[in-house]
Engineer: 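Would you mind keeping the following structure in view while I ask a few things?
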Amino acid sequence: MKFKGFLKDVGGASRVARARLEAFAAASAEPVRDDPIGDVARAWHPGRLKLKVVDIREASPTAKSFRFVRADGGELPFFYAGQFMVLDFEIGQSLISRPYSISSAPSQARGKDGFVEITVRRSRGDGFICDHLNDDVKVGDAFTALIGCGQFYYEPLRDAKRVVALAGGVGITPFASMAREIAAGKLDADLTILYGSVASNDIILKDELEALEGPRVRVVNVLSGDEPGWTGERGFLSADLIRKYSQGDTTYFICGPQVMYRFLREELGKLDIPARRVRFEVFGQAKDITAFEGFPGDLKDATFRLTVRRGIREDVIPAKATESLVVALERAGIRIDTGCRSGECGFCRTKVLAGSVYVCPENDGRRAADRDFGYVHACAAYPTSDVTIKIPIE
Ligand code: FES
């Protein structure tokens with residue numbers, strides 16, 4: 001019996017093989033156009049897109065919201081409330097990318113009238129791209145952008161239904177996206193935003209956020225400055241204040257300036273909150289790398305030679321010890337892919353062939369194997385000698 005079954009299997013297999021060969025011979029030489037899986041993958045991850053600015057409006061006396069649509073009229077890709085997009089700029093000889101949290105809701109991006117918005121505050125003297133956006137960009141301008149980056153979003157399988165957002169300054173933007181999505185009935189969570197500002201005219205998106213308040217969205221503005229007549233909360237986002245607005249099982253999302261992170265780590269530590277209930281947004285490149293532990297202070301005024309290999313091409317450019325390799329490359333007009341600029345996403349992963357670098361300890365998001373084999377994330381690596389790196393060809 002077994003022997004007969006074996007012969008049947010062999011006969012069946014050879015018939016299938018013959019049928020396949022006949023089908024190949026009869027097939028068209030044209031590639032198959034119907035590719036539903038590929039279509040879905042491309043819709044979700046279309047890579048860099050061309051966007052154009054269709055609206056600019058004031059978000060506070062010092063910030064503006066910029067609305068973008070796809071320049072080719074197509075649909076925008078999916079993203080989660082809280083994620084960021086990367087916008088590319090060509091300024092003079094420099095090729096620069098910057099991440100901006102999306103302040104509009106994912107549901108506002110759907111359909112043929114879909115859009116995405118970012119809200120950008122003028123810098124306080126340390127961010128010429130923010131000032132460029134606020135001062136020079138106008139309706140009709142076009143950019144390339146990558147939409148839907150980062151891990152800072154609400155995930156119902158992981159996060160508690162109650163969310164307390166701790167925001168400072170322009171760190172309100174991912175929470176504006178979450179609040180809009182909840183108010184539109186597209187996100188099932190209860191959100192309380194504790195928003196710290198120095199003065200009432202620093203509050204970004206004030207009217208728009210107030211308009212979203214309802215049973216599931218609450219905004220509490222907290223002023224640290226001594227403003228006469230302010231009747232709301234005062235002070236900082238202290239443990240006492242956080243406790244006052246927390247109830248039961250809660251996930252805490254934090255987005256704001258670096259200095260606020262250090263303060264909040266201590267305050268949250270007083271509240272006995274499990275680590276899995278606290279989510280920090282990455283905070284961008286270190287403002288002052290010399291302030292981080294282990295940075296060789298005697299090098300703070302040094303400039304090194306950075307040799308950049310791309311395929312058979314080799315360029316030598318200057319690189320300051322206090323500026324990341326990404327900044328040195330961008331200054332020289334050498335394109336390197338970047339996303340978060342916080343050491344997290346790995347877009348700027350770079351092989352160090354020779355020389356030494358200092359890696360910002362708070363932004364070292366490398367895998368262990370990358371550390372062992374001499375890779376760095378160029379947005380978080382600073383030269384401490386002449387360095388040779390290899391980057392991918394664009
Ligand atoms: S840009 Fe994300 S790790 Fe460098």
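Remember, it's 1-based here, ligands and their atoms both numbered in the order they're listed. Residue numbers run from 1 in the order of the sequence given. Predicted model, so just to flag it, every value in this text is computed and none were measured.
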Engineer: For a quick test of reading the model, state the closest non-hydrogen atom pair linking Ala332 to Ile317 and the distance between them.
Structural biologist: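 Result for this residue pair: CB-CG2, 3.6 Å.
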
Engineer: Say whether Val376 and Leu299 are linked into one hydrophobic cluster, either directly or through other cluster members, by side-chain heavy-atom distances under 4.5 angstrom.
Structural biologist: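 Looking at the clustering, Leu299 is in a separate group from Val376.
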
Engineer: Which ligand 1 atoms does Cys345 reach within 4.0 Å, using its non-hydrogen atoms?
Structural biologist: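 Per the distance check, 1 (S), 2 (Fe), 3 (S).
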
Engineer: List every atom of ligand 1 that sits less than 4.0 Å from any heavy atom of Cys379, numbering the atoms from 1 in the order shown and giving each element.
Structural biologist: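 Answer, ordered by atom number: 1 (S), 3 (S), 4 (Fe).
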
Engineer: Can an N, O or S atom be found in Cys340 less than 2.8 Å away from atom 2 (Fe) of ligand 1?
Structural biologist: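 An N, O or S atom of Cys340 is closer than 2.8 Å to atom 2 (Fe) of ligand 1, so yes.
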
Engineer: Keeping Glu213 on the side-chain end and Val219 on the backbone end, is there a donor-acceptor pair under 3.5 Å?
Structural biologist: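 Yes; judged by distance alone, with no hydrogens or angles, the pair exists.
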
Engineer: Please list, in number order, the atoms of ligand 1 under 4.0 Å from a heavy atom of Gly346.
Structural biologist: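 Once the distances to Gly346 are compared, the set is 2 (Fe), 3 (S).
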
Engineer: Is Arg57 salt-bridged to Glu117, cutoff N-O under 4.0 Å?
Structural biologist: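 Salt bridge present between Arg57 and Glu117.
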
Engineer: If you measure from each non-hydrogen atom of Arg349 to ligand 1, which part falls under 4.0 Å: side chain, backbone, both or neither?
Structural biologist: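 Near ligand 1, Arg349 shows nothing, with every heavy atom at 4.0 Å or more.
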
Engineer: Can Arg243 and Asp272 be counted as an ion pair, charged N to O under 4.0 angstrom?
Structural biologist: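 Not counted as a salt bridge, because no side-chain N and carboxylate O are separated by less than 4.0 Å.
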
Engineer: Quick test of your reading of the structure: of Gly339, Gly150, Ala378, Gly365, whose heavy atom lies closest to atom 1 (S) of ligand 1?
Structural biologist: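 Selected option, by shortest heavy-atom distance: Gly339.
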
Engineer: How does Arg341 reach ligand 1, if at all, at less than 4.0 Å between non-hydrogen atoms: by side chain, backbone, both, or neither?
Structural biologist: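 The answer is the backbone.
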
Engineer: Are Tyr80 and Tyr154 close enough that their ring centres sit under 6.0 Å apart?
Structural biologist: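 Ring-ring flag for Tyr80/Tyr154: false, centres at least 6.0 Å apart.
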
Engineer: Students should be able to answer this: which protein heavy-atom is nearest to atom 4 (Fe) of ligand 1, and at what distance?
Structural biologist: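 Scanning the protein heavy atoms, the shortest distance from atom 4 (Fe) of ligand 1 goes to Cys348 SG, 2.2 Å.
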
Engineer: Taking NZ, NE, NH1 and NH2 as the nitrogens, is one of them in Asp190 or Arg216 under 4.0 Å from a carboxylate oxygen of the other?
Structural biologist: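 Yes, this pair counts.
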
Engineer: What are the atoms of ligand 1, with element, lying closer than 4.0 Å to any heavy atom of Glu344?
Structural biologist: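 Reading through ligand 1 atom by atom, the close ones are 3 (S).
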
